[in-house]
Amino acid sequence: MIANYHTHTTRCKHAIGSDREYVENAIRGGIKVLGFSDHCPWIYDREYESGTRMLPRMLAGYVDNLQKLKKEYEKDIKIYIGLEAEYIPEMMPKQDILLKDYPLDYMILGEHFTEVEYDTTYTGFETTSEAALEKYVDISIEGLESGRYVYMAHPDLLNFVGPTEIYDRHYIRLCEYMKMKNMPVEINMLGLIQGRHYPNDRFFELCKEVGNSVIIGFDAHDPSWLSDVDYMKRCEEYARVRGLEVCEVLPGLR
Ligand SMILES: [Zn+2]
Ligand SMILES: [Zn+2]
C-alpha cells in the first residue's frame with residue numbers, strides 16, 4: 001500500500017504515539033503518501049467538551065507540527081494535513097469560521113453523528129430504525145455533495161440491523177452517489193482488524209453490484225499500524241476476494 005489518508009493523533013484523546021512516530025512508521029511501512037485526518041473540533045452553542053476530538057485551541061499546534069514534519073521528511077514521504085469531520089448542516093458556518101485560516105489540504109467525511117453529539121447517539125450503535133438509516137444516507141450525500149470532502153470514512157458506519165431489503169434500499173443510494181462522483185469507498189482497517197460491524201459484508205456486496213472502487217483507510221490511532229504489513233494484507237484480501245478494484249492514490253489532492 002502506498003497511500004493512506006486516514007490517520008489520527010493523540011489530540012483526539014483516544015489515540016497513542018507522537019506525530020513523528022506516525023510519520024516514521026509510515027515510511028517504514030513503505031507508504032509514500034500520508035494524510036493526517038484527526039477528529040475535527042466543533043464550536044458548540046453551549047459549554048461542552050467532546051471526549052473524542054481535539055479542542056479548537058489544539059488546531060494551531062496540530063497544523064504547525066505537521067507542517068514541520070512535512071518539510072523535515074519531504075524526501076521520504078508526502079504528508080497532507082487534513083481533518084475528519086461529520087457533516088452537520090446547522091453547525092457548518094461556525095466550523096468554516098474556525099478552519100478558514102488554516103492551510104488544510106483536505107477533509108474526509110466521518111458521520112459518527114448526524115446532529116450535534118450531545119443531542120443524539122453514535123451512528124455506530126445498533127438500530128432497526130429505517131428513519132435513522134435514511135437520515136444518515138441523506139445527510140452523507142448532502143455532505144459529499146457540498147464538495148468539502150475528498151472521500152467518506154467508513155461509509156457503512158450506521159449500524160442498521162433490521163431487514164436487508166431496507167438496508168439495501170438506502171445504502172445503495174450512497175454507493176450509487178459515490179460511483180457517480182468517482183469517489184472510492186473506504187474499507188476501514190480499524191473496523192476490520194478489531195472485528196467491528198464495519199466493513200459490512202452486505203455493504204461491500206452492494207459496492208460490487210454498483211461497481212464502486214475502494215480505498216483502504218487505516219483509521220490509525222496507533223503509529224505501529226502504519227508499518228503493519230499483515231494488517232495491510234488483510235485489507236487488500238478483503239477487497240480481492242470480493243472482486244473490488246482498489247484505488248491506491250486519491251486523485252485531485254494537490
Ligand atoms: Zn477516532
Ligand atoms: Zn477516523
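We count ligands from 1, going down the list as the structure has it; atoms in each ligand are counted the same way.
- Between Lys70 and Asp105 there is a salt bridge, with a side-chain nitrogen of the basic residue lying less than 4.0 Å from a carboxylate oxygen of the acidic one.
- In this model, a donor atom of one side chain and an acceptor atom of the other lie less than 3.5 Å apart for Glu117 and Ser50.
- No option in Glu86, His14, Arg53 other than His14 meets the side-chain hydrogen bond (donor to acceptor under 3.5 Å, both in side chains) test with His39.
- When you scan the N, O or S atoms of Glu84 for the one nearest the Zn ion (ligand 2), you land on OE1.
- Centred on the Zn ion (ligand 1), the angle running from His14 (NE2) to His221 (NE2) is recorded as 100°, rounding to 10°.
- The Zn ion (ligand 1) has an N, O or S atom of His39 under 2.8 Å away, backbone or side chain.
- Distances from the Zn ion (ligand 1) show that Cys12 has no N/O/S atom below 2.8 Å.
- Annotation: Tyr62 is not in aromatic contact with Tyr102 [ring centroid separation under 6.0 Å not met].
- Judged by distance alone, with hydrogens and angles left aside, the side-chain atoms of Tyr136 form a donor-acceptor pair with the main-chain N or O of Pro155 at under 3.5 Å.
- Angle NE2(His6) to the Zn ion (ligand 2) to OD1(Asp219), rounded to 10°: 80°.
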